[in-house]
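Order of the sequence lines sets the chain letters (A, B, ...), proteins ahead of strands, with each chain counted from 1.
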There are 2 protein chains.
Amino acid sequence: MAATPRGAGDRSRSAQRPAAQAERRADARRNIRSILDAAQLCLARDADASVADIAKAAGVGRVTLYGHFKTRADLVDAVLTRTMEQSDAALDATDTTGDPCQALTRLVGASWQIVHQFHSVLQAAQRELPPERILAVHDRTLQRVQAIIDRGRRAGAFRDDLPARWLVTTVFSLMHAAVEDTAAGRLDADDAARVISATLLAALTAPGRAVPTPAP
Amino acid sequence: MAATPRGAGDRSRSAQRPAAQAERRADARRNIRSILDAAQLCLARDADASVADIAKAAGVGRVTLYGHFKTRADLVDAVLTRTMEQSDAALDATDTTGDPCQALTRLVGASWQIVHQFHSVLQAAQRELPPERILAVHDRTLQRVQAIIDRGRRAGAFRDDLPARWLVTTVFSLMHAAVEDTAAGRLDADDAARVISATLLAALTAPGRAVPTPAP
DNA sequence: GGCAACGTGAACTACACTGTTCGAGTTGCT
DNA sequence: AGCAACTCGAACAGTGTAGTTCACGTTGCC
């Protein structure tokens, strides 16, 4: 879905799925990498960055870029996918077992940097890609949050009076709201993870229960 | 800032500020109204609606529209201003005194319909207008929320361990997140106000305190 | 070394949109 | 009635973008 060679059609490739980047020439691989790097950077700075901007930032001709990515949407999709893969990798290294409250706090801490950095990549994707695609790419992250919430509910720590899906939305919503607040200078970026966690723990706590105060 | 006559310059008008719509001819007033109505509707449906779309929806020539609004940004600004005025009017009729928790619940209930309906008008404005302008137009609403939160904090009902500005952000963020969830079919629109309120009350509650369970 | 894959800039098509001009007609106001 | 304000559509200019083609130069790979 990301790579589209010029000379060769789909004939020599087993399928169009597996990105099929291995059998390319070395300079092509290098350029694809540069393009993705540049696109991630440009889109992170400005969700409306043009293909020309990205090509220039990658130190590559626009035509070369189109040689690897059929359309702008393709490129955005590739960048989003890549970003989510990086995110998932970072989150895989995070312990989300044990006490749900602490697990959530750890998850927020680990996610914040990524969300903070690549917030507008998501914005670009939301303007260019169909909602189902956005959802699909977020699947693993969604599952992860959902799992913690489910566990917290079963343990009686998290509330049971609201749709589980809404609690997941709450988590994502506050993360992204925090990004915008820091961008506008209304929130200290170094304090954001703490603020988000504190708000979320309270929001997810079962009514009637005392709100946990996590140790600093 | 909204009205721009054709024949007459600024000469006959006292200032360019006061919208100066009173001294126009009747048909002009009618058209301006139609345009604003149509623009509000179109932008609510699609934040990217073109000037041509809006003019057609208003039953008016494109040139006529440009006769009243110098640029697309001007039009968007006028629509946003108008929407916020309507919103403020609706909120003026809402009792925000008394118990902060109940006041917040009432405010959310009264705001939800408007936010739900005109969510993408705001999106359009965010793409076209400078952030300061968005902030300025939201001033009254912002103040209102801020006032309730301040009162709740003084009363010891709301938490004091997070920046007040962040709590305001939380309120707006969850409202808009709820809109997107309903649009995606993940949340029942009729249930939204309750869900938002319940989440917010918990989020704003002081740590260590029991979360209030508002009467249905 | 040789060949195919790859890169490149310039130029071109195509499109969608904003904003303007013009000439001619219509409507409201006095 | 008469005049200025207003409306209208068509046509135009300008801009920014996506995507393509071509002819030629370069690089990697066997």
Side-chain angles (χ1 to χ4, degrees), chain A residues 3-13 20-36 38-39 42-43 46-79 124 127-129, chain B residues 3-13 20-36 38-39 42-43 46-79 124 127-129:
Chain A
T4 25
R6 262 207 309 181
D10 285 320
R11 52 180 164 76
S12 66
R13 222 162 308 290
Q21 189 182 317
E23 48 197 89
R24 287 175 188 286
R25 241 173 55 180
D27 52 348
R29 282 198 302 265
R30 237 181 306 150
N31 277 338
I32 291 177
R33 205 192 161 89
S34 299
I35 292 170
L36 285 173
C42 288
L43 291 176
D46 174 17
D48 287 325
S50 74
V51 175
D53 292 337
I54 294 170
K56 184 186 287 183
V60 143
R62 217 166 98 261
V63 185
T64 302
L65 192 155
Y66 276 112
H68 293 302
F69 302 93
K70 236 179 137 54
T71 67
R72 189 195 138 93
D74 262 26
L75 176 57
V76 171
D77 190 299
V79 171
R127 290 185 203 172
E128 200 109 17
L129 271 32
Chain B
T4 23
R6 263 206 309 181
D10 286 320
R11 52 179 165 78
S12 66
R13 222 162 309 288
Q21 188 183 317
E23 47 196 88
R24 287 175 186 285
R25 237 172 58 179
D27 52 349
R29 283 198 301 267
R30 237 180 306 151
N31 278 337
I32 291 178
R33 204 194 162 88
S34 298
I35 293 169
L36 285 173
C42 288
L43 292 177
D46 174 17
D48 286 324
S50 74
V51 175
D53 291 338
I54 294 169
K56 184 186 289 184
V60 145
R62 216 160 50 89
V63 184
T64 302
L65 192 155
Y66 277 111
H68 293 301
F69 302 92
K70 235 178 136 52
T71 68
R72 190 195 137 94
D74 263 26
L75 176 57
V76 171
D77 190 300
V79 170
R127 291 185 201 172
E128 201 108 17
L129 272 31

- [ ] Please lay out, stage by stage, how B:Arg62 and B:Ile54 fare under the test side-chain contact (heavy atoms from CB on, under 4.5 Å).
- [x] CA-CA 8 Å; B:Arg62 216 160 50 89; B:Ile54 294 169; over 6 Å; no

TODO: Write down the distance between CZ (A:Arg72) and P (D:dG16), rounded to a whole number of angstrom.
DONE: 16 Å

Task: Phosphate-side-chain proximity, A:Asn31 and C:dC6, N/O vs OP1/OP2 below 4.0 Å - done: no

- [ ] Nearest 0.5 Å please: distance from the CZ atom of B:Arg24 over to the CG atom of B:Asn31.
- [x] 10.5 Å

- [ ] Could I get the full list of side-chain hydrogen bond (donor to acceptor under 3.5 Å, both in side chains) partners for A:Ser50, not counting sequence neighbours?
- [x] A:Asp53

Open item on the list: On DNA chain C, compare the nucleotides closest to B:Ala73 and A:Thr64; which residue's is nearer the 5' end?
Closed with: A:Thr64

Open item on the list: With rounding to the nearest 0.5 angstrom, report the CZ to CG distance, A:Phe69 to A:Asp74.
Closed with: 8.0 Å

TODO: Give the rounded distance in Å between these two atoms: NZ of A:Lys56 and P of D:dT17.
DONE: 11 Å

- [ ] Tell me which nucleotide among C:dG7, D:dC6, C:dT18 gets nearest to the side chain of A:Ala28.
- [x] C:dG7

TODO: May I have the distance from A:Asp46 (atom CG) to D:dG16 (atom C1'), rounded to whole angstrom?
DONE: 14 Å

Task: Selected nucleotide, minimal atom distance to A:Arg62 side chain, candidates C:dA11, C:dT20, D:dT21 - done: C:dA11

Task: Basic-acidic side-chain contact under 4.0 Å: A:Asp48, B:Arg127 - done: no

Find every protein N or O atom lying less than 3.5 Å from an N or O atom of nucleotides 24-30 of chain D, and list the pairs.
residue: D:dT27; atom: O2; partner: A:Arg25; partner atom: NH1; Å: 2.9
residue: D:dT27; atom: O2; partner: A:Arg25; partner atom: NH2; Å: 2.8
residue: D:dG28; atom: OP1; partner: A:Arg30; partner atom: NH2; Å: 2.6
residue: D:dC29; atom: OP1; partner: A:Ala26; partner atom: N; Å: 3.4

- [ ] Would you kindly give the CD-to-P distance between B:Glu23 and D:dA4, to the nearest whole Å?
- [x] 18 Å

Open item on the list: Taking the minimum atom-to-atom distance to the side chain of A:Ser50, which one of D:dT17, C:dT20, C:dG19 wins?
Closed with: D:dT17

Open item on the list: If I take atom CD1 from residue A:Ile35 and atom CZ from residue A:Arg30, how far apart are they, to the nearest 0.5 angstrom?
Closed with: 12.5 Å

Task: Phosphate-side-chain proximity, A:His68 and C:dG7, N/O vs OP1/OP2 below 4.0 Å - done: yes

